[in-house]
Amino acid sequence: MHPAIEVPFTDLSAMAREVWPDIEQTYIEALLSARYVGGPAVARFEENFARYCEATHAVGVANGTDALQLTLQALGLGPGDEVIVPSNTFIATAAAVVRAGAVPAFVDVDPGSLLITPAILAAAITPRTSAVIVVHLYGNMPDMDGLVAVAERAGIALVEDAAQAHGAEWRDSRAGSFGAAACFSFYPGKNLGAFGDAGAVVTNDPKIAERVRSLANHGRDGGANHYEHSFVGTNSRLDALQAIALDAKLARNEDWTEARISLADRYRKELAGSAIRLTEVDPLARHVYHLMVVRVADRAAIQQKLQENGIQTGVHYPVPCHLQPPLRQYASGPLPVCEQAATEQFSLPLFPHMSRAQVDRVCEVLDEAGVSR
Ligand SMILES: Cc1ncc(COP(=O)(O)O)c(C=O)c1O
């Protein structure tokens with residue numbers, strides 16, 4: 001028994017405390033240098049993050065939603081284009097499609113992993129399909145060999161939504177190295193999180209990188225004249241202070257990811273054979289556990305019991321995209337796996353500085369609630 005142990009859902013300040021000694025001096029220098037937007041700190045982080053993702057280019061932007069929208073625009077997608085989107089995702093995946101002027105075509109997900117599969121993608125492609133957004137939800141990755149093959153055969157672009165999947169892998173290759181481009185969020189709660197909003201587009205295609213960079217900087221082409229614009233873009237640039245924090249955190253991301261994986265393994269071992277349903281992970285995938293999502297029939301009661309014992313949980317996500325009021329107009333019918341998962345899934349606490357005793361305490365309370373074994 002560990003009656004005194006309380007378990008927060010996450011602990012972002014522990015990460016901040018760990019990196020602060022590394023960045024304090026650099027922060028002061030950056031503030032005094034007055035290079036607040038873009039500049040050498042951003043260039044350094046972009047280079048390091050591209051390398052981390054095993055890709056050749058990374059372009060820092062303001063957030064993950066912009067990363068998705070700017071990528072679709074850089075691919076030339078807009079009105080008349082349909083983009084296949086798994087409905088079990090955060091609304092930003094689909095909202096970016098709408099904001100780019102294209103139409104989301106929602107598909108269901110695999111009942112085990114809750115991710116898109118090659119068969120689901122193949123069945124959904126129509127003559128109007130221009131692209132698919134493969135979402136590495138929770139930090140897990142689907143069969144990328146199969147998905148890339150289906151997309152290539154159909155001649156459609158594959159974009160990775162890797163907002164939750166920094167460092168995730170499929171067959172030893174990193175998230176960010178498979179599609180035409182991959183879109184990352186550095187929202188503070190993400191595995192690699194800034195001290196505010198930030199994001200990046202990662203790609204091996206220099207033309208896409210250049211186009212995203214220009215779109216994110218008012219359509220400037222990087223030429224000599226600051227006030228000459230090749231086309232209408234937006235302002236979605238990465239700030240130097242965020243890049244400095246991200247660079248320091250990136251250096252620790254493998255350690256933090258290994259900590260997440262080891263805690264998740266402990267949960268999996270403790271909860272195996274219980275009434276709690278764990279999401280399936282393909283042996284070829286490296287799941288980086290942004291979220292420890294599980295499913296139960298009586299979610300509200302279980303969350304309440306955990307809450308009463310000082311254990312915080314979350315729900316990712318309670319409403320699938322095709323049932324969100326502003327997106328219902330794009331739904332073409334029921335998506336039973338997504339709809340069922342939305343009523344059952346919830347996220348247990350999981351963060352790099354979590355202790356094993358905290359994992360054990362969560363499992364103990366789940367046991368008391370009658371869902372473990
Ligand atoms: C799967 C997914 N896609 C896109 C986003 C959007 O990222 P951001 O919040 O940085 O705009 C998020 C994060 O919130 C996400 O979880």
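- The residue from L12, D239, I23 that alone fulfils the side-chain contact (heavy atoms from CB on, under 4.5 Å) condition with F195 is I23.
- For the pair N63 (side chain) and D66 (backbone), a donor-acceptor distance under 3.5 Å is present.
- For the pair R361 and E364, the salt-bridge criterion is met [side-chain N within less than 4.0 Å of a carboxylate O].
- If you chain together hydrophobic residues whose side chains sit under 4.5 Å apart, I120 and L284 fall into the same group.
- Judged by distance alone, the side chain of H218 and the main-chain N or O of H229 form no donor-acceptor pair under 3.5 Å.
- Side chain of D205 to main chain of K207: a donor-acceptor pair is present (N/O by atom type, distance under 3.5 Å, no hydrogens or angles).
- Note on residues 232-269: pairs passing ring pair (Phe, Tyr, Trp, His ring centres under 6.0 Å), not counting sequence neighbours, are W256-H353.
- Contact annotation: the side chain of R260 never approaches that of V288 to less than 4.5 Å [non-hydrogen atoms, C-beta and beyond].
- Annotation: ring pair (Phe, Tyr, Trp, His ring centres under 6.0 Å) contacts involving residues 144-169, sequence neighbours excluded, comprise H166-F184, H166-F186.
- Under the 4.5 angstrom side-chain criterion for Ile, Leu, Val, Met, Phe, Trp and Tyr, the cluster partners of I28 are L32.
- Between V362 and the options L350, D367, L306, a side-chain contact (heavy atoms from CB on, under 4.5 Å) holds for only L306.
- Here F9 contributes atom CZ and M354 contributes atom CE; the two are 10.0 Å apart, rounded to the nearest 0.5 Å.
- By the 4.0 Å N-to-carboxylate-O rule, R252 lies close enough to E18 to be salt-bridged with it.
- Between the side chain of Y27 and the main chain of L241, a donor-acceptor pair closer than 3.5 Å is present.
- Contact check for T234 versus L70: side-chain heavy atoms found under the 4.5 Å cut-off.
- Considering all non-hydrogen atoms of both residues, A67 and A200 come closest at CB-O, 3.6 Å.
- In terms of heavy atoms, P352 sits closest to L263 at O-CD1, 4.3 Å.
- In plain terms, the two heavy atoms of N204 and S177 that are nearest each other are ND2-O, 4.2 Å.
- The backbone N or O of A180 sits less than 3.5 Å from a side-chain atom of T203, completing a donor-acceptor pair.
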Check residues 33-40 and write down every donor-acceptor pair under 3.5 Å in which the side-chain atom is one partner and the other belongs to a residue at least two apart or another chain.
unit_1 : atom_1 : unit_2 : atom_2 : d
S33    : OG     : A30    : O      : 2.9
S33    : OG     : R35    : N      : 3.2
Y36    : OH     : L31    : O      : 2.8

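- In the hydrophobic cluster analysis, where Ile, Leu, Val, Met, Phe, Trp and Tyr join through side-chain heavy atoms closer than 4.5 angstrom, Y187 is grouped apart from L192.
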For residues 76-88, which side-chain N or O atoms pair as donor and acceptor with protein atoms under 3.5 Å away, sequence neighbours left out?
unit_1 : atom_1 : unit_2 : atom_2 : d
D81    : OD1    : S130   : OG     : 2.5
D81    : OD2    : G78    : N      : 2.9
E82    : OE2    : R128   : NE     : 2.9
S87    : OG     : C321   : N      : 3.1
S87    : OG     : H322   : N      : 2.9
S87    : OG     : H322   : ND1    : 2.7
N88    : OD1    : Q345   : NE2    : 3.2
N88    : ND2    : L114   : O      : 3.2
N88    : ND2    : Y138   : OH     : 3.0

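- The ring pair (Phe, Tyr, Trp, His ring centres under 6.0 Å) contacts involving residues 74-108 comprise F90-Y317, where partners must be two or more places apart or lie in separate chains.
- The closest donor-acceptor contact from the side chain of Q358 to the backbone of E6 lies under 3.5 Å.
- Counting heavy atoms from C-beta on, the side chains of Y227 and R220 come closer than 4.5 Å.
- Residue pairs meeting the salt bridge (Lys or Arg N to Asp or Glu O under 4.0 Å) criterion with at least one partner in residues 144-166, sequence neighbours excluded, are D145-R171.
- Counting heavy atoms from C-beta outward, I125 and V150 have side chains that approach closer than 4.5 Å.
- Take Q307 and apply the side chain to side chain contact (heavy atoms under 4.5 Å, CB included) test, not counting sequence neighbours, and it matches no residue.
- Residues D143 and W170 meet the side-chain proximity criterion, which asks for heavy atoms closer than 4.5 Å.
- Counting non-hydrogen atoms of other residues, nucleotides and ligands closer than 6.0 Å to CD of E254 gives a total above 12.
- Using a 4.5 Å heavy-atom cutoff, the side chains of H287 and M141 are not in contact.
- Taken together through direct or relayed side-chain contacts under 4.5 Å among Ile, Leu, Val, Met, Phe, Trp and Tyr, V202 and L250 form part of one hydrophobic cluster.
- The shortest side-chain heavy-atom distance between R17 and D11 falls under the 4.5 Å cut-off.
- A salt bridge (Lys or Arg N to Asp or Glu O under 4.0 Å) check over residues 328-341, counting only residues at least two apart or in different chains, returns nothing.
- With sequence neighbours excluded, the residues satisfying side chain to side chain contact (heavy atoms under 4.5 Å, CB included) with A151 are I156, L158.
- Residues F346 and I302 meet the side-chain proximity criterion, which asks for heavy atoms closer than 4.5 Å.
- From T56, atom OG1 reaches atom CZ of R51 across 12.0 Å, with rounding to the nearest 0.5 Å.
- Between H136 and P142, the shortest heavy-atom distance links the atoms ND1-CD, 3.6 Å.
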Next item on the list: With side chain to side chain contact (heavy atoms under 4.5 Å, CB included) as the test, would you mind laying out the steps for I208 and L75 before giving the verdict?
Entry: CA-CA 7 Å; I208 294 176; L75 288 167; 3.7 Å; yes
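- When the side chain to side chain contact (heavy atoms under 4.5 Å, CB included) test is applied to Q329, no partner is found at least two apart in sequence or on another chain.
- V315 and V109 are assigned to two separate hydrophobic clusters, defined by single-linkage of ILVMFWY side chains at heavy-atom distances under 4.5 Å.
- The heavy-atom pair separating E280 from N140 by the smallest distance is O-ND2, 3.2 Å.
- Using modelled atom types, one side-chain atom of S236 and one backbone atom of A62 make a donor-acceptor pair closer than 3.5 Å.
- Both L215 and V59 are assigned to one and the same hydrophobic cluster, defined by single-linkage of ILVMFWY side chains at heavy-atom distances under 4.5 Å.
- We find the CG-NE2 distance between L291 and H316 to be 5.0 Å, quoted to the nearest 0.5 Å.
- Rounded to the nearest 0.5 Å, atoms CD (Q73) and CZ (R211) are 9.0 Å apart.
- With rounding to the nearest 0.5 Å, the separation of CZ in R99 from CG in L68 is 12.0 Å.
- In this structure, the side chain of R286 engages the main chain of G167 through a donor-acceptor pair within 3.5 Å.
- For the atom pair CG (L278) and OG (S113), the distance works out to 13.0 Å, reported to the nearest 0.5 Å.
- Under the 3.5 Å distance criterion, the side-chain polar atoms of D108 are matched with a main-chain donor or acceptor of V337.
- Using modelled atom types, one side-chain atom of K249 and one backbone atom of G193 make a donor-acceptor pair closer than 3.5 Å.
- In this structure R266 satisfies the salt bridge (Lys or Arg N to Asp or Glu O under 4.0 Å) test together with D360, sequence neighbours excluded.
- Minimum heavy-atom separation, I116 to V132: CD1-CG2, 4.1 Å.
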